[in-house]
Protein chains: 2
Amino acid sequence: MSQAAPDIDLDTSIGYLLKQAASALHAAMDAVLRPLGLNITQYSCLELLAQRPGLSSSELARGAFVSRQSMNVLLQSLEGDDLVSRPGQAPVGRVLPVQLTPAGAALRVTASAAVRAVEERMLGGLDREAEGQLRSGLRACAGALSAAYASSGAASAAASSTESTSGDAATSAASAFRRR
Amino acid sequence: MSQAAPDIDLDTSIGYLLKQAASALHAAMDAVLRPLGLNITQYSCLELLAQRPGLSSSELARGAFVSRQSMNVLLQSLEGDDLVSRPGQAPVGRVLPVQLTPAGAALRVTASAAVRAVEERMLGGLDREAEGQLRSGLRACAGALSAAYASSGAASAAASSTESTSGDAATSAASAFRRR
DNA sequence: CAGCCTATGTCAGAATACTGACATGAGTCA
DNA sequence: TGACTCATGTCAGTATTCTGACATAGGCTG
């Protein structure tokens with residue numbers, strides 16, 4: 001154990017800074033989306049559907065970083081507001097492709113503009129180079145963590161029940177990486 | 001309004017990347033902390049107390065990005081496990097300073113090492129310069145958002161009730177700004 | 001083709017966090 | 001000193017999300 005980094009220092013810990021920034025962004029987005037009648041997850045859902053129409057509920061869940069059960073109840077509320085639509089029956093298998101309704105597409109445009117304004121405020125102090133570095137840094141972090149949990153502990157592979165071990169894990173993504 | 005960025009592109013949106021990285025970190029930390037009997041907020045609490053002993057429940061709440069009500073129930077569970085202690089009566093005012101017990105301090109050391117390992121894995125692909133840039137980028141983002149909600153809309157200041165408008169807001173950080 | 005595995009959608013219960021509201025103690029200012 | 005503002009701790013109710021479990025559809029392998 002190196003004595004150089006004996007413990008976590010919250011003032012310099014990237015993890016803590018990440019949580020701090022994410023928390024601030026969450027609050028700021030919530031503040032602009034709430035007047036539109038949307039919470040952040042609902043907005044994420046609309047944005048995902050705008051860019052990739054026909055995604056399934058499970059795919060949306062992974063994209064919005066929530067469990068598929070949560071996404072399902074969320075979709076029900078969006079359906080109730082006539083913002084998205086799902087076919088009554090699965091065209092193939094059991095996957096129900098979700099689509100934006102015209103109302104949903106319109107609301108998404110408004111929400112997207114509001115969120116973009118928040119992002120611009122967040123990045124206001126950064127030049128384009130710093131922005132690019134931040135982007136690639138975040139990508140690297142997410143990628144490194146999405147990789148298999150090599151060391152740490154066990155992970156208990158053996159799936160005994162149907163809902164296998166980490167089958168759900170809202171973390172999505174799965175590139176390959178390794179610790180240094 | 002630049003027409004160059006008509007909408008949010010999830011693949012390049014810093015906000016989305018931030019959420020992605022934070023989500024991956026959350027999952028990874030949860031995976032290593034759970035075997036220790038801690039969730040992430042509980043760990044944050046122990047870490048905060050290790051670095052700043054005697055913090056009050058409300059201060060811990062802001063530091064851990066949760067409401068003070070949530071922090072209070074969390075502290076009760078930590079007290080039940082004899083990991084932290086609070087005086088039965090406030091030494092001054094109503095602020096109850098929280099302290100780590102020996103058991104809490106010991107557990108924190110173990111947890112801290114585990115979390116540090118996660119952070120190192122997360123940063124494995126970055127050199128020291130990139131790490132520094134990421135750190136400053138995240139600081140800039142958090143800072144820019146914590147600043148007053150200048151434009152956007154309204155923000156509905158008017159505090160009518162006791163629990164004034166944004167008095168709680170688990171967003172911590174800023175708190176500064178107060179229109180008066 | 002049968003068996004195994006994975007992924008999806010769904011139901012039910014539990015855990016977690018938040019909002020609203022209130023009383024109290026401290027600091028500030030006229 | 002007295003009124004006002006602010007922050008803290010706390011109680012109660014609500015909302016959101018997660019975990020566990022199950023049946024079914026599709027792909028893969030022997």
Side-chain angles (χ1 to χ4, degrees), chain A residues 23 26-27 30 34 38-42 44-45 54-79 86-98 157-172 174, chain B residues 23 26-27 30-31 34 38-42 44-45 54-79 86-98 159-172 175-180:
Chain A
S23 175
H26 189 93
D30 190 73
R34 191 165 298 274
L38 292 172
N39 62 32
I40 295 186
T41 312
Q42 288 171 327
S44 302
C45 188
L55 282 184
S56 71
S57 176
S58 290
E59 289 167 326
L60 285 169
R62 282 191 290 270
F65 311 104
V66 297
S67 67
R68 62 182 195 272
Q69 293 90 334
S70 294
M71 179 53 71
N72 213 30
V73 305
L74 191 147
L75 282 176
Q76 287 171 5
S77 79
L78 289 179
E79 262 186 313
R86 279 188 288 186
Q89 199 164 8
V92 55
R94 23 193 52 215
V95 178
L96 291 172
V98 186
S160 55
S161 178
T162 310
E163 191 85 345
S164 76
T165 312
S166 59
D168 266 343
T171 17
S172 75
Chain B
S23 174
H26 189 93
D30 189 73
R34 191 164 297 275
L38 292 173
N39 64 31
I40 294 185
T41 312
Q42 289 171 327
S44 302
C45 190
L55 282 184
S56 71
S57 176
S58 291
E59 289 168 324
L60 286 169
R62 282 191 291 271
F65 311 103
V66 298
S67 67
R68 65 181 193 273
Q69 293 91 335
S70 294
M71 180 53 72
N72 213 30
V73 304
L74 190 147
L75 282 176
Q76 286 170 5
S77 79
L78 289 180
E79 261 187 312
R86 279 188 289 185
Q89 199 163 7
V92 55
R94 27 190 48 217
V95 179
L96 291 173
V98 186
S160 56
S161 178
T162 310
E163 190 85 346
S164 72
T165 313
S166 59
D168 263 345
T171 23
S172 79
S175 72
F177 140 87
R178 179 144 221 99
R179 159 184 342 269
R180 114 147 115 189

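Only heavy atoms go into these numbers, but all of them, side chains included; no hydrogens, no water, no symmetry mates. In the text below, chain A, chain B and the rest are named by the order of the sequence lines, each starting its count at 1.
Within 4.0 Å of A:Ser58, counting heavy atoms only, lie sugar-phosphate atoms of the nucleic acid but no base atom. At the heavy-atom level, A:Ser70 lies under 4.0 Å from base atoms of the strands shown. The residue B:Leu74 sits apart from the nucleic acid: no heavy atom pair falls under 4.0 Å.
A donor-acceptor contact under 3.5 angstrom links the side-chain atoms of B:Gln69 to the base of C:dG20.
Using a 4.0 Å cut-off, no side-chain N or O of A:Thr41 falls inside it from OP1 or OP2 of D:dT16. Of the side-chain N and O atoms in B:Arg34, none sit less than 4.0 angstrom from OP1 or OP2 of D:dT19. Under 4.0 angstrom from either OP1 or OP2 of D:dC18 there lies at least one side-chain N or O belonging to A:Ser67. OP1 or OP2 of C:dT10 sits under 4.0 Å from a side-chain N or O of A:Arg86.
Expressed to the nearest 0.5 Å, how far CG of A:Asn72 lies from OG of A:Ser77 amounts to 10.5 Å. Note that CG of A:Leu74 and CD of A:Gln69 are 13.0 Å apart. Values are rounded to the nearest 0.5 Å. Rounding to the nearest 0.5 Å gives a distance of 13.0 Å between OG of A:Ser57 and CZ of A:Arg94. Here the straight-line distance linking atom CG of A:Leu78 with atom CE of A:Met71 works out to 8.5 Å at 0.5 Å rounding. One finds the CG atom of B:Asp30 at 9.5 Å from the OG1 atom of B:Thr41 (value rounded to the nearest 0.5 Å).
Between B:Pro91 and B:Pro87, the shortest heavy-atom contact is CD-CG, 4.3 Å. Minimum interatomic distance between B:Ser44 and B:Ala64 (heavy atoms only, all atoms of both residues): CB-CB, 4.2 Å.
Rounded to whole Å, the distance from CG on A:Asp30 to P on C:dC18 is 12 Å. Between B:Leu75 atom CG and C:dT16 atom P there is a gap of 15 Å when expressed in whole angstrom units. Rounded to whole Å, atom P of D:dA12 lies 16 Å from atom CZ of B:Arg68. In this structure, the CD atom of A:Gln76 is 12 Å from the P atom of C:dA12, given to the nearest Å. For A:Met71 and C:dA7, the CE to C1' distance is 17 Å, given to the nearest whole Å. Atom CD in B:Gln89 sits about 14 Å away from atom C1' in D:dG9, given to the nearest Å. Whole-Å rounding puts the B:Glu79 CD to D:dG9 P distance at 12 Å. Rounded to an integer number of Å, the gap from CD1 of B:Ile40 to C1' of D:dC18 is 14 Å.
Taking only side-chain atoms of B:Leu96, from C-beta outward, the nucleotide of C:dT8, D:dT10, D:dT8 with the closest atom is D:dT10. Taking only side-chain atoms of B:Asn72, from C-beta outward, the nucleotide of C:dT8, D:dT8, D:dG9 with the closest atom is D:dG9. Comparing atom distances between the B:Glu59 side chain and each of D:dC18, D:dT8, C:dC18 picks out D:dT8 as nearest.
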Can you check nucleotides 25-29 of chain C for protein contacts, nitrogen or oxygen pairs under 3.5 Å, and list what you find?
residue : atom : partner : partner atom : Å
C:dA26  : OP1  : B:Gly93 : N            : 3.3

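Qualifying side chain to side chain contact (heavy atoms under 4.5 Å, CB included) partners for A:Leu55, counting only residues two or more places apart in sequence or in other chains: A:Leu48, A:Leu49, A:Arg52, A:Glu59, A:Leu60.
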